[in-house]
Amino acid sequence: MTRIKRGYITRRRRKKIRLFASTFRGAHSRLTRTTIQQKMRALVSAHRDRRRQKIHFRRLWIARINAVIRDNKVSYTYSRLINNMYKRQLLLNRKILAQIAISNSNCLSMISNEIIK
C-alpha cells in the first residue's frame with residue numbers, strides 16, 4: 001500500500017495554537033491537548049479580568065477622591081460630593097476627579113467648597 005499524504009490544515013491549526021502558548025511553562029506549551037485547554041482557560045481569564053479591571057480602577061478612583069475630601073472637611077464625604085455635583089449638573093467623571101486629587105488637592109477642595117455653597 002502506498003502512503004497517503006495528509007493535508008497541512010491540522011498542522012497549521014496546531015502551529016497557531018503552539019505560537020499562542022509558546023510562553024506557557026512545561027507541557028502546557030508542548031502537548032497539543034493541554035495547550036488547547038490552557039489557551040481556552042487563558043482567554044476566559046482575559047475576558048473576565050477586562051471587566052474586573054474596570055471595577056478595580058473605579059474603586060481606586062473613589063478611594064482617592066474620598067481621602068482628599070475627608071482631609072479637607074471632617075463631615076464631608078465622597079457620596080455627598082457626588083450627590084451635590086449631580087444636583088449642580090457639574091459633570092466631571094471619577095477618573096478626572098482622582099487625577100485632580102492626586103496632582104492638586106487644593107483644586108479639588110476648591111471645587112468641593114464651590115459645590116457646597
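Quick caveat, the model's predicted, so the values are computed rather than measured.
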Self-check item: Residues that R64 engages under side-chain hydrogen bond (donor to acceptor under 3.5 Å, both in side chains), provided they are two or more places apart
Solution: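 Per chain and number, R64 pairs via side-chain hydrogen bond (donor to acceptor under 3.5 Å, both in side chains) with no residue.
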Quiz item: Got a sec, which hydrophobics cluster with F57, joining ILVMFWY side chains under 4.5 Å apart, including via others?
Solution: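 Besides F57, the cluster holds L60, W61.
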Quiz item: Taking C-beta and beyond as the side chain, do R14 and I17 meet within less than 4.5 Å on heavy atoms?
Solution: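 SC-SC contact between R14 and I17 ruled out.
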Quiz item: By salt bridge (charged side-chain N to carboxylate O under 4.0 Å, His left out), which residues pair with R48, not counting sequence neighbours?
Solution: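 In terms of salt bridge (charged side-chain N to carboxylate O under 4.0 Å, His left out), with neighbours along the sequence ignored, R48 is linked to no residue.
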Exercise. Supply the atom-to-atom distance R3 CZ to K5 NZ, rounded to the nearest 0.5 angstrom.
Key: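 Nearest 0.5 Å value for the CZ-NZ distance: 7.0 Å.
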Quiz item: Atom NZ of K54 and atom CG of D49: how far apart are they, to the nearest 0.5 Å?
Solution: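 Here the rounded value is 10.5 Å.
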Validation: residues 27-45 side-chain donor-acceptor distances under 3.5 Å, sequence neighbours left out:
unit_1, atom_1, unit_2, atom_2, d
S29, OG, F24, O, 3.3
S29, OG, G26, O, 3.1
R30, NH1, G26, O, 3.1
T32, OG1, R18, NH2, 3.1
T34, OG1, A27, O, 3.0
T34, OG1, L31, O, 3.1
T35, OG1, H28, O, 3.1
T35, OG1, L31, O, 2.4
S45, OG, R41, O, 3.1

Quiz prompt | Residues D71, Y76; criterion side-chain hydrogen bond (donor to acceptor under 3.5 Å, both in side chains); working and verdict | solution = CA-CA 9 Å; D71 279 347; Y76 206 60; over 6 Å; no
Show me the side-chain donor-acceptor pairs of residues 91-115 shorter than 3.5 Å, one per line, residues at least two apart or across chains.
unit_1, atom_1, unit_2, atom_2, d
N93, OD1, I96, N, 3.0
R94, NE, Y78, OH, 2.6
S103, OG, Q99, O, 2.9
S109, OG, N106, O, 2.6
S112, OG, L108, O, 3.4
S112, OG, S109, O, 2.8
N113, ND2, S109, O, 3.1

Quiz item: K16: what forms a side chain to side chain contact (heavy atoms under 4.5 Å, CB included) with it, not counting sequence neighbours?
Solution: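 Applying side chain to side chain contact (heavy atoms under 4.5 Å, CB included) to K16 gives none.
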Quiz item: Would I62 end up clustered with Y86 when hydrophobic side chains under 4.5 Å apart are linked, directly or stepwise?
Solution: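 Both belong to a single hydrophobic cluster.
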Quiz item: Run the side-chain contact (heavy atoms from CB on, under 4.5 Å) check on I69 and T77 step by step: do they pass?
Solution: CA-CA 6 Å; I69 292 299; T77 60; 5.8 Å; no
Quiz item: Between the side chains of R70 and N66, does any donor sit under 3.5 Å from an acceptor?
Solution: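 Checked: R70/N66 side chains pair up, N/O donor to acceptor below 3.5 Å.
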